[in-house]
Amino acid sequence: MTQKIALVGVNGRMGRALVQAVQEDKSSLLSAAFVRQGSALTGLDAGEVTGFGRLDLPMQDSLDTSLFDVLIDFTRPEATMAYMNACVSAKKPMVIGTTGFSAAELTEMQAAAQQIPIVFAPNFSVGVNLLLGLVAKAAQVLTDYDIEVIEAHHRYKVDAPSGTALRLGQAAADALGWDLNQCAVYGREGITGERPAQQIGFATVRGGDVVGDHTVLFAGLGERVELTHKASSRLTFAQGAVRAAHWLAHQPAGLYDMQDVLGLR
Ligand code: NAD
């Protein structure tokens, strides 16, 4: 059955990739395209603005929940929270790819997911979701190795470390029974002293147009293992989000992630 999918933040980098992914997916219909309140793009054709060619779909600046079966949101935390509340009121499922939420916002999302099904993932690519399992396995086998997560993204990214880097660190910490809040170190400077054993370090690189690189380094005495994923196109995230939207149609209320969608849990 064709699913009516709506997008918010259509003019963003991920919004453009999502227009392409929905258009290319035979079981999806791009039924509505939303931009932020008061945007100068309101009324313009979503396809023309995103470079996809005319779609006869004027962009709207106020969310109309009657126009879609599922909403896909890759925007900013404050915008996602507002769209999520509207979806809860209308009992519509939601796919959330936005990153950089505060602890309070994540608690709000958990409460919303008691009423509607939500897929929330810091990374919708199949490769990164496979990597999460590989990292957990490596952490269990490579005991006494130092774990560091290194990520690189384009110059426009506004949060650090990336949601994916944090999720990779979480996968390693969970596999070892560690509390990530206790063992994470975000960047180092000055006289840091020797590295304690029970620590997961995060290093962030920002520049140019890097779509998203992540490496989890396991450094032992005499050898290193590096598990790396490199995204070369945002389309991989967008296609994963569309796949999640279809999967959501058959789920009860709850908070899911891409591991659930791909059956990797
Ligand atoms: P972008 O800056 O290119 O686009 C952001 C979009 O959000 C724009 O369309 C903007 O108009 C809209 N927006 C911002 N504030 C808004 C508001 N208050 N109300 C309504 N709309 C608002 O960013 P991007 O590179 O497309 O990334 C968007 C988000 O997706 C980021 O959080 C990024 O980290 C995340 N992301 C996630 C994945 C994943 O797989 N989960 C992959 C790539 C990016």
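Atoms within a ligand are numbered from 1 in the order they appear, just like the ligands themselves.
Checking side-chain atoms of D69 against main-chain N and O of K4 turns up a donor-acceptor pair under 3.5 Å. Between the side chain of E151 and the backbone N or O of S162 there is at least one donor-acceptor pair closer than 3.5 Å. A side-chain donor-acceptor contact under 3.5 Å links S39 to the backbone of L41. Not one N or O on the side chain of N85 forms a donor-acceptor pair closer than 3.5 Å with the backbone of A82.
Of the candidates R13, R36, M14, the one placing a heavy atom closest to atom 3 (O) of ligand 1 is R13. When the options D159, T75, V211 are ranked by their closest heavy atom to atom 29 (C) of ligand 1, first place goes to T75.
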### Message
Would D213 and T228 count as a side chain to side chain donor-acceptor pair (under 3.5 Å) here? Give the steps.
### Response
CA-CA 7 Å; D213 293 354; T228 295; over 6 Å; no
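By the criterion of a heavy-atom distance under 4.0 Å, the side chain of Y83, and not its backbone, is placed next to ligand 1. Proximity of P122 to ligand 1, defined as any heavy-atom pair under 4.0 Å, is confined to the backbone N, CA, C and O atoms. Of all the heavy atoms of A82, none lies under 4.0 Å from any atom of ligand 1, so neither backbone nor side chain is involved.
Scanning the protein for heavy atoms near atom 38 (C) of ligand 1, the closest one is F74 CE2, 3.5 Å. Atom 17 (C) of ligand 1 has as its closest protein heavy atom A79 CB, 3.3 Å. Looking only at heavy atoms of the protein, atom 37 (C) of ligand 1 is closest to G97 O, 3.0 Å. Given atom 40 (O) of ligand 1, the protein heavy atom at minimum distance is F124 N, 3.0 Å. Given atom 32 (O) of ligand 1, the protein heavy atom at minimum distance is T99 N, 3.0 Å. Among protein heavy atoms, the minimum distance from atom 5 (C) of ligand 1 is reached at R76 NH1, 3.9 Å. Here the protein heavy atom with the shortest distance to atom 4 (O) of ligand 1 is G12 CA, 3.3 Å. Annotation: atom 9 (O) of ligand 1 to nearest protein heavy atom, N11 OD1, 3.0 Å.
Here is the list of ligand 1 atoms found below 4.0 Å of a heavy atom in K157: 34 (O). Close approach of ligand 1 to T98 (heavy-atom distance below 4.0 Å) involves ligand atoms 32 (O). For ligand 1 and G9, the ligand atoms under 4.0 Å from any heavy atom of the residue are 9 (O).
The minimum heavy-atom distance between A245 and I5, with the atom names listed, is CB-CD1, 4.0 Å.
In terms of N/O distances under 3.5 Å, ligand 1 is not approached by F237.
Through direct or relayed side-chain contacts under 4.5 Å between Ile, Leu, Val, Met, Phe, Trp and Tyr, M81 connects to V8, F34, L63, L67, F68, L71, Y83, M84, V88, M94, I96, F101, L106, M109, I116, I118, F120, L255.
Hydrophobic clustering (side-chain heavy atoms under 4.5 Å, transitive across Ile, Leu, Val, Met, Phe, Trp, Tyr) groups V126 together with V119. Hydrophobic clustering of Ile, Leu, Val, Met, Phe, Trp and Tyr side chains at less than 4.5 Å, counting indirect connections, unites L132 with F218.
Listed by first and then second residue, the ring-ring contact (aromatic ring centres under 6.0 Å, His included) pairs involving residues 124-171 are F74-F124, H153-H214 (not counting sequence neighbours).
For A121, the closest heavy-atom approach to ligand 1 falls below 4.0 Å.
Taking the charged nitrogens against the carboxylate oxygens, E148 and R188 do have a contact shorter than 4.0 Å, which makes a salt bridge.
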